[in-house]
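Below, chains carry the letters A, B, ... as their sequence lines are ordered, and counting in each starts from 1.
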Amino acid sequence: MASTFLPAVGRIAVCGGTHGNELSGVYLVQEMERMRKEKGDSVWPVPVITVLSNPQAVKECKRYIETDLNRCFSSATLSAPVTDSTPYEVRRAQELNALLGPKESAGAIDLICDLHNTTSNLGLTLIHYTTDDWMTLHICKYLQARATNANQTPTGYPLYETTVYVPFVFVCMCVLTCVVVCTFKKKITRVPVRVLVLDIPISAAYSLETVSKHGFSIEVGPQPTGVIRADIYEVMKEAVDLTMDWIKIFNSGTVFEGGDIEVFILQKSIDYPREPSTRELIAAIHPQLQDRDFCLLKRGDPMFLTFSGETMKYEDDETLHPFFINECAYYEKGIAFHLAKKRKLSIPRMQVQKK
Amino acid sequence: MSSSINTQCSPGLKRVAIFGGTHGNEMSGITLVNMWMKNAAEIERNGLVTKPFITNPRAVEKCTRYIDTDLNRAFTLANISAPDVEGMPYEVQRAREINRMFGPKGTQDAYDVIFDLHNTTSNMGSTLILESSQDLFNLQMVHYIKKAMAPHTCSVLLNEHPQLKYSTTRSVAKHPIGVEVGPQPQGVLRSNVFESMRTILKHALDFIELFNSGVEFLPCTVEVFRAQERMDYPRDTNGNITAMVHPHLQDCDWEPLSRGDPMFLTFDGRTIPYEGASTVYPTFINEAAYYEKQQAFMTTCREKLTGNALRKA
């Protein structure tokens, strides 16, 4: 099988605090800066820019000051002229685009990992924008291969009911003629790892990670806003560490075999039932749906429980996978949960382009 | 039904208030109070006025804990008795207004009972908060609620520590009760948490109705957790936290914490153990709103409070 060749990964950015109250990324970026001071830049395989994306929002521990920063990175918004009434976050987005981009240009940084938390029971979810960015999809496949229980749907809240540590994971990518990648890892991701693809053209895509040539968001939950949980922090740190490992291995010439990767593709969203005149909620996510992100939602399954005790059911014929169930920032966006289709994408064998 | 010389006879209760939105991002209470303001049938009881009320409407509108200052710390004597002045923080103005409507605090005209509805990001389950160990009415009420909720656990937190107790919104009433249910993130409404809080209120109002009808409540014993000490996060010289609640302590509200047990985990992976001499029972572990109040968790000790029999005079 022919390989796809891509240039070595040069510079990357790790961004935290894109939403100022999603604390794992804020503290992880801080910790990475401390490590850089203590051990120097060689602690990572390539030059890393660590960024606190929305410093004012971080200071106030709020999602945003005037407008959601992670909706400001479409090409149109990035090129809009700045006036006195331009919101703080739009100015900041243009600053970040100058630092890490410009978006869709040859000078853009190679990879952005944007760190997020969610109040939804998403485990570790890698969010990406297209179905044909092979590098990003290979990184996602690498991370996914290192989860212990990728197919389990955790139940209950809080998420982590057990504290069993599996000391080693043996991952073997054996092929006919190529290099075997065997990795012993002392710590592994102890949560399900899923890949979510928002199939939107890059120029219209509005998130920070679309500024670089390749990029994805690392979304870990459940965690309340304004809270840092050690278990959630550890999962995010592992995801970043594994991404660095991948970059090192890729840059050194390792061949990554092609194959299938299972992804979830966003289809649509469903809002809460609301009072028509006041838009106030009249129901909450049904207890049988709450915390069951990425499960199957079939016609007739409970969706909402009204305050007067009535169960509202999913009525569509198409069975889909709900996710971002009960994310607190989405109440104002009119989203109770999103729905996705599961798909297998084929990704080609890939290796670094030799100079 | 017989009266003993140890039965306390108390006057019947006439006015009860149910407060939601003291913190504008704690959604169960806000949703319940808004619902009951539209249709009060569920909270009506014979011979009783039950008033649902949103205490901090501006904070609720912005879905934020407070606008200028924490309303649930604003009911100090200084705040509510000071002369009117321009430029008072919003919540201080609100405290004065609430004191006029439901108090005045410490007088005979004050509301009989106020339930103040709260959520927490901590794994406290259903918790009732008392401000005094000497309030027999409240003690009998929590005893009744606990029994009615079983096998669902309802913990009782007693905060009458002189340094730790604070001037709550509910303290305006003769019998203040805090209702705290978690874990729930700020700004989120979870169905199970909402329904637990609703059920607690139902039992509480049933108790008051039974009391008013002349039922005698027998002497009771209630296990409570008495607030002892506030434990802060380790911080650097700039005041930034340098460690997180340890995974072994996270979500373990009301469980014993003994000397040597893991307490915090630094960002670079070092465990900091609990060094206290005696076993404590932490609560409010990792509450989002308490980072700025320098509290990672509160320690408590277990105690049994006993109450005499009680009936209406």
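- Arg34(A) forms no cation-pi arrangement with Phe267(B), by the criterion of a distance under 6.0 Å to the ring centre and an angle within 45° of the ring axis.
- Residue contact with chain A, scored on non-hydrogen atoms closer than 4.5 Å, involves the backbone and the side chain of Asp268(B) alike.
- The ring-ring contact (aromatic ring centres under 6.0 Å, His included) test with Trp254(B) singles out one residue from Phe297(B), Phe225(B), Phe284(B), and that residue is Phe225(B).
- In this structure the side chain of Glu33(A) never reaches within 4.5 angstrom of the side chain of Glu31(A), judged on heavy atoms.
- The existence of a salt bridge linking Arg58(B) and Glu91(B) is excluded, since no basic side-chain nitrogen approaches an acidic carboxylate oxygen closer than 4.0 Å.
- At most 12 heavy atoms of other shown residues, nucleotides or ligands fall within 6.0 angstrom of atom CD in Glu61(B).
- Interface residue Leu305(A): only side-chain heavy atoms are found under 4.5 Å from chain B.
- Counting heavy atoms from C-beta outward, Tyr64(A) and Gln56(A) have side chains that stay 4.5 Å or more apart.
- In this structure, no portion of Thr64(B) lies under 4.5 Å from any heavy atom of chain A.
- Comparing Asn286(B), Asn192(B), Asn39(B) by heavy-atom pairs within less than 4.5 Å of chain A, the highest count is held by Asn286(B).
- In this structure, the portion of Tyr331(A) lying under 4.5 Å from any heavy atom of chain B is its side chain and not its backbone.
- Heavy atoms closer than 4.5 Å to chain A are found in the side chain of Gln250(B), but not in its backbone.
- Around the NZ atom of Lys293(B), the shell of radius 6.0 Å holds more than 12 heavy atoms that belong to other residues, nucleotides or ligands.
- No other option in Asn21(A), Asn326(A), Ile282(A), Leu23(A) has as many heavy-atom pairs under 4.5 Å with chain B as Asn326(A).
- Contact of Glu332(A) with chain B is not made at all, since no heavy-atom distance falls under 4.5 Å.
- Of the residues considered (Val245(B), Leu189(B), Leu32(B)), Leu189(B) shows the highest number of contacts with chain A, using heavy-atom pairs under 4.5 Å.
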